[in-house]
Trainee: 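Pasting a structure here, questions to come.
Letters A, B, ... are given to chains in the order of the sequence lines, protein chains preceding strands, and every chain is numbered from 1. Remember, it's a predicted structure, so these values are computed and weren't measured experimentally.
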2 protein chains.
Amino acid sequence: MSKAANTRTMILTKAFELIYKQGYQATSIDNILATTQVTKGAFFYHFKNKDEMGLAMINEIIYPGMYATLVKPLLDSKDPINEIHEMMRNVLLKVPFLRAKYGCPAVNLIEEMSPLNEDFKIALLKLTDQWQDAIKESINQGKASKEIRADVNPGYVACFVVAGYSGIRNMGKAAGSSCYNIYLQELKNYLKQLA
Amino acid sequence: MSKAANTRTMILTKAFELIYKQGYQATSIDNILATTQVTKGAFFYHFKNKDEMGLAMINEIIYPGMYATLVKPLLDSKDPINEIHEMMRNVLLKVPFLRAKYGCPAVNLIEEMSPLNEDFKIALLKLTDQWQDAIKESINQGKASKEIRADVNPGYVACFVVAGYSGIRNMGKAAGSSCYNIYLQELKNYLKQLA
DNA sequence: TGTTTAACATACTAATTAGTATTTAAAAAT
DNA sequence: ATTTTTAAATACTAATTAGTATGTTAAACA
């Protein structure tokens with residue numbers, strides 16, 4: 001990686017960390033700069049303004065991370081019920097960077113930025129749509145192999161599962177991670193009913 | 001209502017509206033004052049600082065509203081499955097003040113303020129706890145009348161339902177209100193499985 | 001009726017904000 | 001080697017922020 005590309009990545013990585021914990025608007029450019037060796041000149045050389053940096057962060061940091069954790073494990077699903085549940089278990093309990101107190105970076109940004117900025121909304125919708133598509137496709141494969149009832153609507157299931165995740169991430173910010181296990185248990189009951 | 005009490009209520013009401021749409025930190029005191037006839041002197045006479053106003057808003061505006069819509073309809077439940085579903089239908093589709101784009105005021109505040117301010121977290125946790133207790137009690141009554149299976153864990157169901165609500169409110173901010181109907185359908189499938 | 005206190009009103013401050021203007025150094029190209 | 005362009009460093013600005021200091025008026029009380 002060239003030195004310039006490295007500077008850019010440093011900005012996005014540190015911005016991601018701070019915005020995850022503090023929120024987008026509460027994280028100032030000066031705050032990002034103070035915790036890196038990057039100067040204001042470098043920041044505005046790489047990004048036209050704060051929002052362009054924020055969008056780059058979504059597309060270049062959050063999107064790849066969520067694809068690896070949430071989408072990839074569901075491609076070529078043989079056992080959708082268990083694989084969806086396991087994927088959820090992994091993201092809630094096994095990703096070390098994510099802390100209950102701070103919730104999910106993408107969910108946080110949807111909450112804060114969707115109503116305020118159309119570009120953010122579009123970029124974030126792309127994330128959740130990809131995830132829902134992966135779940136939907138997984139359920140469809142389960143229908144093909146008769147492990148899922150024929151009358152199940154895969155898109156509806158995907159919507160319900162993603163909403164459940166967003167919600168438990170929200171709840172966990174106030175109530176702590178103990179609710180994750182409760183959620184996983186009831187998610188299993190919901191998923192079993194699809195068979 | 002005395003003139004002073006009226007001033008206080010005006011501040012809280014307008015703050016609630018603005019914070020609902022913009023977020024807590026993004027709503028400045030000057031912003032609240034500019035859209036009322038209240039002056040800065042009056043504001044700081046009634047509230048020691050912005051956070052005290054925010055807490056008063058949660059306790060005096062949000063809490064009573066949520067109690068009436070979410071808790072009261074579940075007291076003395078004869079048919080928990082349908083009553084919980086109907087309560088959810090009401091809050092998602094029938095409360096005119098709430099718009100999909102802006103989500104739920106309480107959920108928004110949990111997302112934004114829980115990790116940043118312990119007092120906010122405690123005040124907000126009181127809201128969700130009350131709601132969960134009402135759902136739990138409703139399920140318990142259903143177990144007593146044998147309409148709910150004996151092995152169902154009422155606290156778990158309450159957690160799952162509240163998380164689902166938070167999540168669909170989050171999703172609706174980016175995806176619009178059409179996802180509400182999908183959620184309600186799948187919530188019904190989940191609830192039916194409790195019988 | 002006079003005095004006190006509650007309820008504001010106005011003008012200010014110090015800190016922080018996103019963003020700009022200008023300069024400088026390091027790479028790349030010629 | 002010299003020019004040019006990329007990448008960055010430094011110093012600034014205008015706007016906005018929460019909160020304060022100091023006044024003023026209206027209501028309650030003695």
Side-chain angles (χ1 to χ4, degrees), chain A residues 1-58 60 108-109 112-113 115-120 123, chain B residues 1-58 60 108-109 112-113 115-120 123:
Chain A
M1 182 152 55
S2 77
K3 195 164 166 274
N6 187 56
T7 302
R8 188 189 153 93
T9 301
M10 267 185 61
I11 293 170
L12 292 178
T13 303
K14 180 56 78 175
F16 173 63
E17 283 172 32
L18 292 173
I19 289 167
Y20 173 46
K21 296 185 180 173
Q22 302 175 339
Y24 177 79
Q25 294 171 102
T27 301
S28 70
I29 295 171
D30 286 344
N31 187 357
I32 297 166
L33 301 178
T35 47
T36 55
Q37 284 90 327
V38 178
T39 63
K40 195 160 270 198
F43 183 97
F44 282 98
Y45 174 77
H46 285 282
F47 305 102
K48 213 177 79 192
N49 52 41
K50 189 187 174 187
D51 283 0
E52 289 232 333
M53 185 279 297
L55 290 169
M57 180 195 72
I58 293 171
E60 297 169 38
N108 294 354
L109 280 171
E112 182 183 5
M113 298 307 291
L116 302 180
N117 186 308
E118 192 70 16
D119 292 329
F120 274 67
Chain B
M1 183 152 53
S2 78
K3 194 164 166 276
N6 187 56
T7 302
R8 188 189 153 92
T9 301
M10 268 184 59
I11 293 169
L12 292 178
T13 304
K14 180 56 75 175
F16 173 64
E17 283 172 32
L18 292 173
I19 289 167
Y20 174 46
K21 296 185 180 173
Q22 303 174 339
Y24 178 78
Q25 295 171 102
T27 300
S28 70
I29 294 170
D30 285 344
N31 188 358
I32 297 166
L33 301 178
T35 48
T36 54
Q37 283 89 329
V38 178
T39 62
K40 194 160 271 198
F43 184 97
F44 282 97
Y45 174 77
H46 284 282
F47 305 102
K48 213 177 78 191
N49 51 42
K50 190 187 173 188
D51 283 0
E52 289 231 335
M53 186 279 296
L55 290 169
M57 180 195 72
I58 292 172
E60 297 169 38
N108 293 354
L109 280 171
E112 181 182 5
M113 298 306 292
L116 301 179
N117 186 309
E118 192 71 16
D119 293 330
F120 274 67

Trainee: Using whole Å, report how far CD1 of A:Ile29 lies from P of C:dT17.
Mentor: 10 Å
Trainee: Could you work out, with side chain to side chain donor-acceptor pair (under 3.5 Å) as the rule, every residue matching A:Thr27, not counting sequence neighbours?
Mentor: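 Partners of A:Thr27 by the side chain to side chain donor-acceptor pair (under 3.5 Å) criterion, ordered by chain and then number, come out as A:Gln22.
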Trainee: Determine which pairs satisfy salt bridge (charged side-chain N to carboxylate O under 4.0 Å, His left out) with at least one residue from residues 34-44 of chain A, sequence neighbours left out, and list them in order.
Mentor: A:Asp30-A:Lys40
Trainee: Of all the heavy-atom pairs spanning B:Met53 and B:Ala15, show the shortest one and how long it is.
Mentor: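 Taking every non-hydrogen atom into account, SD-CB, 3.6 Å.
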Trainee: For B:Phe44, check ring pair (Phe, Tyr, Trp, His ring centres under 6.0 Å) against everything at least two apart and list the hits.
Mentor: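 Partners of B:Phe44 by the ring pair (Phe, Tyr, Trp, His ring centres under 6.0 Å) criterion come out as none, since no residue qualifies.
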Trainee: Between A:Thr7 and D:dA7, does any side-chain N or O lie under 4.0 Å from OP1 or OP2?
Mentor: no
Trainee: Mind running a 4.0 Å heavy-atom check of residues 12-21 of chain A against DNA chain C and sending the residues that fall below it, in number order?
Mentor: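 Those residues whose heavy atoms fall under 4.0 Å from DNA chain C, taken from residues 12-21 of chain A, amount to none.
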Trainee: Just jot down the side chain to side chain donor-acceptor pair (under 3.5 Å) partners of B:Asp51, sequence neighbours excluded, or say none.
Mentor: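 In terms of side chain to side chain donor-acceptor pair (under 3.5 Å), with neighbours along the sequence ignored, B:Asp51 is linked to B:Tyr24, B:Asn117.
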Trainee: Expressed as a whole number of angstroms, how long is the span from A:Phe44:CZ to C:dT22:P?
Mentor: 17 Å
Trainee: Starting from P on C:dT17, measure out to CZ on A:Phe43 and report it in whole angstrom.
Mentor: 13 Å
Trainee: Taking C-beta and beyond as the side chain, do B:Glu112 and B:Ile19 meet within less than 4.5 Å on heavy atoms?
Mentor: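 The answer is no, as the side chains (C-beta and beyond) never meet within the 4.5 Å cut-off.
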Trainee: Looking at residues at least two apart in the chain, or sitting in another chain, which of them share a side-chain contact (heavy atoms from CB on, under 4.5 Å) with B:Glu118?
Mentor: B:Lys121, B:Ile122
Trainee: Sequence neighbours left out, what passes side chain to side chain donor-acceptor pair (under 3.5 Å) with B:Glu60? Give chain and number order.
Mentor: B:Arg8
Trainee: Shortest non-hydrogen contact from A:Leu18 to A:Ile32?
Mentor: CD1-CA, 3.8 Å
Trainee: Measuring to OP1 and OP2 of D:dA8, would you say a side-chain N or O of A:Tyr45 lies under 4.0 angstrom away?
Mentor: no
Trainee: Which residue pairs pass the salt bridge (charged side-chain N to carboxylate O under 4.0 Å, His left out) test with at least one member in residues 17-29 of chain A, sequence neighbours excluded?
Mentor: A:Lys14-A:Glu17
Trainee: Please tabulate, one pair per line, each protein N/O and nucleotide N/O from nucleotides 9-16 of chain C that are separated by under 3.5 Å, including the distance.
Mentor:
unit_1	atom_1	unit_2	atom_2	d
C:dA9	OP2	B:Thr39	OG1	2.9

Trainee: Look at the aromatic rings of A:Phe47 and A:Phe43 and report parallel, tilted or perpendicular, splitting at 30° and 60°.
Mentor: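 Judged by the thresholds at 30° and 60°, the geometry between A:Phe47 and A:Phe43 is tilted.
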Trainee: For residues 46-56 of chain A, which residues have at least one heavy atom under 4.0 Å from DNA chain C?
Mentor: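 Here the set is A:Asn49, A:Lys50.
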